[in-house]
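Report on the following structure.
Position 1 is the first residue of the sequence; numbering continues from there. Model, not experiment: these values are computed from the prediction. Order of appearance sets the numbers: ligands from 1, and atoms from 1 within every ligand.
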Amino acid sequence: MERPFTFINSAMSADGKISTKERKQVRISGQIDFNRMDKLRAGSDAVMVGIGTVLADDPSLTVKSAELKEERIAAGKDENPARVVVDSKARTPVDADIFKKGEGKRIILISESAPADKVALLKKQATIVVAGKDSVDLKQAMSELKTQGIDRLMVEGGATLNWGMISNGLVDEIYTFLGNLIIGGKTAPTFTDGEGFSEKEIQKLELIDADKMEDGILIKWKVLANSKQ
Ligand SMILES: NC(=O)C1=CN([C@@H]2O[C@H](COP(=O)(O)OP(=O)(O)OC[C@H]3O[C@@H](n4cnc5c(N)ncnc54)[C@H](OP(=O)(O)O)[C@@H]3O)[C@@H](O)[C@H]2O)C=CC1
Ligand SMILES: Nc1nc(O)c(N)c(N[C@@H]2O[C@H](COP(=O)(O)O)[C@@H](O)[C@H]2O)n1
């Protein structure tokens, strides 16, 4: 199956949390890291999040730097990479910031179980891709994104989508900023939630790089092939 080159970028606390127990977005990294994230967005064909992140954070997922936006336009691209939401039941609010802010394509990945009335509303603002019966089949969805010309995909979480992508063998690299705070809370989302691997299935990584950045560390990992997937 052909799929895009895919990386996850995330910011987590020193105890591995990506937001609070109330699932409220926390400023974990500083401006240098946000600028790095902006460059990653600008260099990608699409930026993808799960519906949980849209409902919790309402991110715009736009490129913020005027210079980076101009570079994309000069290269014949849209100002922003395509914004993709994994949303089995078409719950993305029609007034979400991904629709209100910035130019560019929006893609909502849904399943066959999505209510027709909600799909009809989203169709006015986004390309709808159906993949999977009850919930989005991520392998099928990634193959569809590739067909639509997305060669480089940035995943920005959250915890459940990260698990879905990694456990299906759909991620090539992971970039995590580890910040200088403890969030705690057994219900606070971690970098990967979901079902979890049993011991024999654990996903192995190869360290590409680790750099001190602001008051934390930026760690880059390569995801190794996993015979269990
Ligand atoms: N610090 C950071 O870098 C970041 C932090 N966050 C935080 O993460 C939290 C959100 O994470 P979370 O609640 O886990 O939500 P996610 O953003 O991971 O979205 C999860 C949802 O995606 C949908 N989905 C559809 N198909 C699949 C599939 N095959 N595999 C996995 N998910 C699928 C499911 O909803 P459905 O069944 O309805 O389709 C699922 O509940 C927020 O608190 C946010 O602040 C988010 C991004 C970055
Ligand atoms: N890199 C990074 N550092 C943090 O401290 C963060 N809290 C996040 N969160 C991500 O940023 C998204 C917001 O995007 P917009 O500014 O709305 O475009 C949010 O949804 C998380 O993906 N990232």
Within ligand 2, which atoms have a heavy atom of [X] less than 4.0 Å away?
X    : value
E156 : 22 (O)
V26  : 5 (O), 6 (C), 7 (N)
T53  : 20 (O)
R27  : 5 (O)
P59  : 13 (C), 14 (O), 17 (O), 20 (O)

Ligand 2 contacted by R41 (non-hydrogen, < 4.0 Å):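 It does, in that a heavy atom of R41 comes within the 4.0 Å cut-off of ligand 2.
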Sub-4.0 Å heavy-atom contact, G157 with ligand 2: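 Contact absent.
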R83 bridged to D97 by N-O distance under 4.0 Å: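 Salt bridge between R83 and D97, a charged N being under 4.0 Å from a carboxylate O: no.
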Residue portion contacting ligand 2 (non-hydrogen atoms closer than 4.0 Å) for F34: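 The side chain, only.
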With only distance considered, is [X] within less than 3.5 Å of ligand 2 through an N or O on each side?
X   : answer
D58 : no
K64 : yes
S29 : yes
N9  : no

Which residue owns the protein heavy atom closest to [atom], what's the atom, and how far is it?
atom                    : result
atom 10 (C) of ligand 2 : Q25 NE2, 3.9 Å
atom 20 (O) of ligand 2 : D57 OD2, 3.1 Å
atom 17 (O) of ligand 2 : S60 N, 2.9 Å
atom 5 (O) of ligand 2  : I28 N, 2.7 Å

Donor + acceptor pair across side chains of [X], [Y] (<3.5 Å):
X    : Y    : answer
S198 : E201 : yes
N9   : R41  : no
D87  : T92  : yes
E22  : T20  : yes
T62  : K64  : yes
T127 : K105 : no

Distances for all N or O pairs of ligand 1 and the protein under 3.5 Å?
from     : atom 1 : to   : atom 2 : distance (Å)
ligand 1 : 1 (N)  : A11  : O      : 2.8
ligand 1 : 1 (N)  : I18  : O      : 3.1
ligand 1 : 3 (O)  : S10  : OG     : 3.4
ligand 1 : 3 (O)  : A11  : N      : 2.9
ligand 1 : 11 (O) : A159 : N      : 3.4
ligand 1 : 13 (O) : R23  : NE     : 3.2
ligand 1 : 13 (O) : R23  : NH2    : 3.2
ligand 1 : 14 (O) : A159 : N      : 3.4
ligand 1 : 14 (O) : T160 : N      : 2.9
ligand 1 : 14 (O) : T160 : OG1    : 2.5
ligand 1 : 17 (O) : G50  : O      : 3.4
ligand 1 : 17 (O) : T53  : N      : 2.9
ligand 1 : 17 (O) : T53  : OG1    : 2.6
ligand 1 : 17 (O) : G158 : N      : 2.9
ligand 1 : 18 (O) : G158 : N      : 3.2
ligand 1 : 18 (O) : G158 : O      : 3.4
ligand 1 : 18 (O) : T160 : N      : 3.1
ligand 1 : 18 (O) : L161 : N      : 2.8
ligand 1 : 19 (O) : G52  : N      : 3.1
ligand 1 : 29 (N) : V136 : O      : 3.0
ligand 1 : 38 (O) : R91  : NE     : 3.4
ligand 1 : 38 (O) : R91  : NH2    : 2.7
ligand 1 : 39 (O) : S88  : N      : 2.7
ligand 1 : 39 (O) : S88  : OG     : 2.7
ligand 1 : 43 (O) : S19  : OG     : 2.7
ligand 1 : 43 (O) : R23  : O      : 3.3
ligand 1 : 45 (O) : D57  : OD1    : 2.8
ligand 1 : 45 (O) : D57  : OD2    : 3.0

Heavy-atom donor-acceptor pair, K77 side chain to E79 backbone, under 3.5 Å: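 It does not hold such a pair.
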Donor-acceptor pair, side chain of D137 and main chain of K139, under 3.5 angstrom: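 Such a contact is found between D137 side chain and K139 backbone.
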Distance in Å, S88 OG paired with K133 NZ, rounded so as to fall on 0.5 Å steps: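 If I round to the nearest 0.5 Å, the distance is 13.0 Å.
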Nearest non-hydrogen partners of V94 and Q125, listed with the distance: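 Answer, listing the atom of V94 first, then Q125: O-NE2, 2.7 Å.
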Closest to atom 23 (N) of ligand 2 (judged by heavy-atom distance), picking from M37, R83, R36: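 Nearest heavy atom to atom 23 (N) of ligand 2 lies in M37.
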Option nearest atom 2 (C) of ligand 2 (shortest heavy-atom distance, choices A11, S19, G158):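 Heavy atom nearest to atom 2 (C) of ligand 2 belongs to A11.
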Ring center gap for F197 and W163 short of 6.0 angstrom: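 So the answer is yes for these two rings.
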Crowding at NZ, K100 (>12 non-hydrogen neighbours, <6.0 Å):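 Yes, enclosed.
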Selection residues 32-65 - residue pairs positive for ring pair (Phe, Tyr, Trp, His ring centres under 6.0 Å), sequence neighbours left out: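 Listed by first then second residue: nothing to list.
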Salt bridge (charged side-chain N to carboxylate O under 4.0 Å, His left out) evaluation trace for R72 with D78: CA-CA 7 Å; R72 284 185 58 92; D78 286 334; over 6 Å; no
